[in-house]
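So the structure is just underneath, and the comments pick up after that.
Lettering of chains follows the sequences in order, A, B, ..., and the numbering in each one begins at 1.
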Amino acid sequence: MFLASKLAHATKNKVFFSHEGIGRFGSRVMPCHMSAIYHNHYQTSPKYPQQLLLRVFRAKKQQCQQLHTTSTTNTTGHSPGPYLPLSKNISCFILRTVDIDTLTHTLEETACKIPWSPPLVNCILKRLWNHGPKALLFFNVLDFLSPRSYTHAASSFNHAIDIAARMRQYNAVWTLLSRMRSRNITPSPLTFAIILERFVSAGKPEKALRIFLSMHHRGCPQDLSSFNTFLDILCKSNRVEMASSLFRALGPRFRPDTVTYNIIANGWCLIKRTPMALRVMKDMVERGLTPTPVTYNILLKGFFRAGQLKEAWDFFLQMKRRGCELDVVTYTTVVHGFGVAGEVEKAQRVFDEMVGHGCLPSIATYNALIQVLCKKDNVENALVVFNDLLRKGYLPNSTTYNVLIRGLCHASEFDRAAEFMERMKGDDCEPNVQTFNVLIRYLCDAGEIERSLSVLVKMGNGVCCPPNLDTFNVLISALFVRKKPDDMLTAGKLLMEMMERGFLPRKFTYNRVLNGLLLTGNQALAKEILRAQSRSGHFPREIRL
DNA sequence: TTAGGGTTAG
């Protein structure tokens with residue numbers, strides 16, 4: 001009964017951090033947030049997981065149907081996503097079930113009773129993103145249901161492949177790819193884009209090249225589009241030299257187009273080698289291809305990125321003189337570029353002139369100007385621009401609020417920042433993890449550890465957005481500043497919580513917290529962390545227990 | 001996930 005009541009609370013997503021007043025940990029009296037962390041930490045695996053997982057499903061099924069019905073009449077036009085509540089609860093259940101054998105058994109026993117669908121499965125996989133082993137376990141259990149009442153969609157295979165590749169489990173990647181084909185699902189260019197990107201970001205571009213060259217043997221022929229995708233992946237990981245060589249070697253086979261040239265030009269700009277980007281533009285003209293507004297915008301941004309303000313301005317003027325199309329991206333680039341370089345007046349002038357030139361600012365342009373004013377001028381002036389955009393009928397988005405909230409925090413205006421967080425909700429724009437992280441970071445910097453922990457409590461109930469790796473890293477680091485023994489205990493609980501949520505702590509964080517706990521006589525929690533770690537099948541890099 | 005602009009802060 002007690003466990004059932006716990007889970008019922010869990011399904012409301014409020015129980016873990018809903019305690020108010022004073023709680024206790026051992027003999028130590030703690031403020032409410034400490035109690036909340038304690039409660040969250042000690043949510044153990046349920047005793048009868050099958051029944052409880054089904055209970056989660058039943059409790060949410062009706063809610064999902066209601067949401068599905070109401071979503072069509074939602075005046076905001078935003079569907080809350082009929083799968084959201086169910087996916088949230090199933091993924092919470094999976095993350096909180098520590099013992100892998102119990103979890104496997106529970107999933108195997110109950111999975112056949114739940115009507116799976118690709119959107120639901122994909123939602124759950126995304127929520128399990130930070131805990132690769134459990135995500136793949138979930139995927140595999142569904143893939144081998146007996147009798148086979150559900151077959152994974154291509155999109156779910158793509159998610160699973162991405163997760164396996166992210167963990168650098170390359171054998172699992174190829175197994176999944178073969179299994180995909182055995183289920184009569186052809187791997188798509190997207191499947192290979194995912195694989196190629198993971199190999200490149202893992203520092204294996206040559207292996208990625210071999211995969212690209214042989215992908216037709218695995219059911220997906222190469223074309224210009226997949227060639228461009230691969231070049232772009234290489235360029236975005238700062239391997240433009242390799243992309244250029246490939247472009248020269250394979251160009252005749254794929255017949256490069258404007259997009260190909262733009263990708264390579266952008267690659268040079270990303271590493272601040274604008275002369276090379278200009279050469280690419282010259283090459284494309286010589287090959288009979290006309291540079292597009294995208295080409296010019298890439299170059300323009302490249303000059304700003306490289307700190308070549310004079311060249312950027314000259315290029316901008318030249319674009320005007322030659323009658324190139326100056327679109328909203330061009331103006332946003334210039335406003336932001338000059339602003340972050342400290343030339344706020346020039347940024348403001350360009351912003352003011354764009355309307356006169358027949359180009360309306362987008363919300364991104366406003367965001368660029370607001371950010372610039374917050375960083376290089378005054379947050380009060382940024383608020384004037386914010387009110388102006390409201391007056392003109394623009395709808396601020398989460399970036400608008402985040403840059404403003406950061407500006408207010410930077411000016412130590414925490415109460416006003418909190419007011420804006422409330423205001424976001426009124427604009428149908430819930431605070432996201434970046435919003436909370438900004439507030440937490442600045443509160444920590446100001447030494448307001450308790451207030452920052454209470455922000456974590458707000459996040460942790462999962463209603464708005466769960467904390468991410470940054471959230472935990474910032475908070476744990478801050479707990480080492482005051483040198484208070486109680487802070488070590490809190491750091492230990494945070495480490496425990498982050499592991500339960502599937503995050504892999506850095507070796508430095510892990511050792512630092514364990515040492516802190518041992519030095520302050522908190523051996524019990526240190527052992528608990530070690531046990532949880534060894535059960536999770538998830539290890540901090542370079543840690544072997 | 002065939003190309004370009006706007007969110008932390010290190």
Side-chain angles (χ1 to χ4, degrees), chain A residues 155 158 162 188-198 200 222-236 243 254 256-267 269-270 277 280-281 284 289 291-302 304-305 325-337 339-340 347 350-351 354 359 361-372 374-375 385 389 394 396-407 409-410 424 429 431-445 468-471 473-474 477:
Chain A
S155 56
N158 286 345
D162 199 10
S188 67
L190 171 60
T191 314
F192 278 92
I194 289 167
I195 295 172
L196 294 170
E197 205 234 332
R198 290 294 175 195
V200 171
Q222 304 94 332
D223 57 9
L224 177 60
S225 168
S226 59
F227 181 56
N228 285 344
T229 302
F230 184 42
L231 293 180
D232 196 39
I233 288 169
L234 289 170
C235 288
K236 298 231 166 91
F254 292 109
D257 60 0
T258 316
V259 175
T260 323
Y261 281 94
N262 286 348
I263 286 168
I264 300 290
N266 192 42
C269 286
L270 288 172
V280 173
M281 193 169 78
M284 73 190 282
L289 292 166
T292 64
V294 174
T295 320
Y296 295 119
N297 290 338
I298 285 170
L299 263 296
L300 191 60
K301 178 73 187 174
F304 282 116
R305 192 182 285 115
E325 185 192 331
L326 302 181
D327 62 14
V328 67
V329 177
T330 319
Y331 281 106
T332 307
T333 304
V334 176
V335 169
H336 189 249
V340 294
V350 172
F351 182 85
M354 67 186 285
C359 181
S362 67
I363 192 64
T365 324
Y366 271 105
N367 292 346
L369 185 62
I370 289 172
Q371 190 208 31
V372 157
C374 285
K375 279 191 168 173
V385 174
L389 76 86
Y394 284 87
N397 60 21
S398 50
T399 305
T400 324
Y401 278 105
N402 287 351
V403 292
L404 261 181
I405 287 168
R406 185 201 167 275
C409 286
H410 195 71
M424 286 177 85
C429 170
N432 57 26
V433 69
Q434 284 93 344
T435 325
F436 285 104
N437 285 355
V438 167
L439 196 57
I440 286 176
R441 192 180 294 272
Y442 276 95
L443 283 170
C444 285
D445 286 350
N468 68 9
L469 192 59
D470 265 359
T471 322
N473 283 337
V474 168
S477 294

Qualifying residues under side chain to side chain donor-acceptor pair (under 3.5 Å), relative to A:D445, sequence neighbours excluded: none

Contact class for A:V328 (heavy atom, under 4.0 Å): base, sugar-phosphate, or nothing? base

Using side chain to side chain donor-acceptor pair (under 3.5 Å) as the criterion, list what pairs up with A:N158, not counting sequence neighbours. A:T191

Under a 3.5 Å cutoff, is there a donor and acceptor pairing between the side chains of A:T365 and A:S362? yes

Does A:T260 reach a base, just sugar-phosphate, or nothing at all? Heavy atoms under 4.0 Å. nothing

Here the distance between atom P of B:dT7 and atom CZ of A:R406, to the nearest Å, is 10 Å

Any base atoms under 4.0 Å from A:D223, or only sugar-phosphate, or nothing? Heavy atoms, all strands. nothing

Between P on B:dT8 and CG on A:N367, what's the gap in Å once rounded to a whole number? 11 Å

Under 4.0 Å between any heavy atoms, over every strand shown, what does A:D232 touch: base, sugar-phosphate, or nothing? Just pick one. sugar-phosphate

For A:V259, answer base if it contacts any base atom (sugar-phosphate contacts may also be present), sugar-phosphate if it contacts only those atoms, and nothing otherwise; contact means non-hydrogen atoms under 4.0 Å. base

Among side-chain atoms of A:T333 and A:T330, is any donor-acceptor pair under 3.5 angstrom? no

Counting the atoms with a prime plus P, OP1 and OP2 as sugar-phosphate, which does A:I363 contact under 4.0 Å by heavy atoms, base, sugar-phosphate, or nothing? base

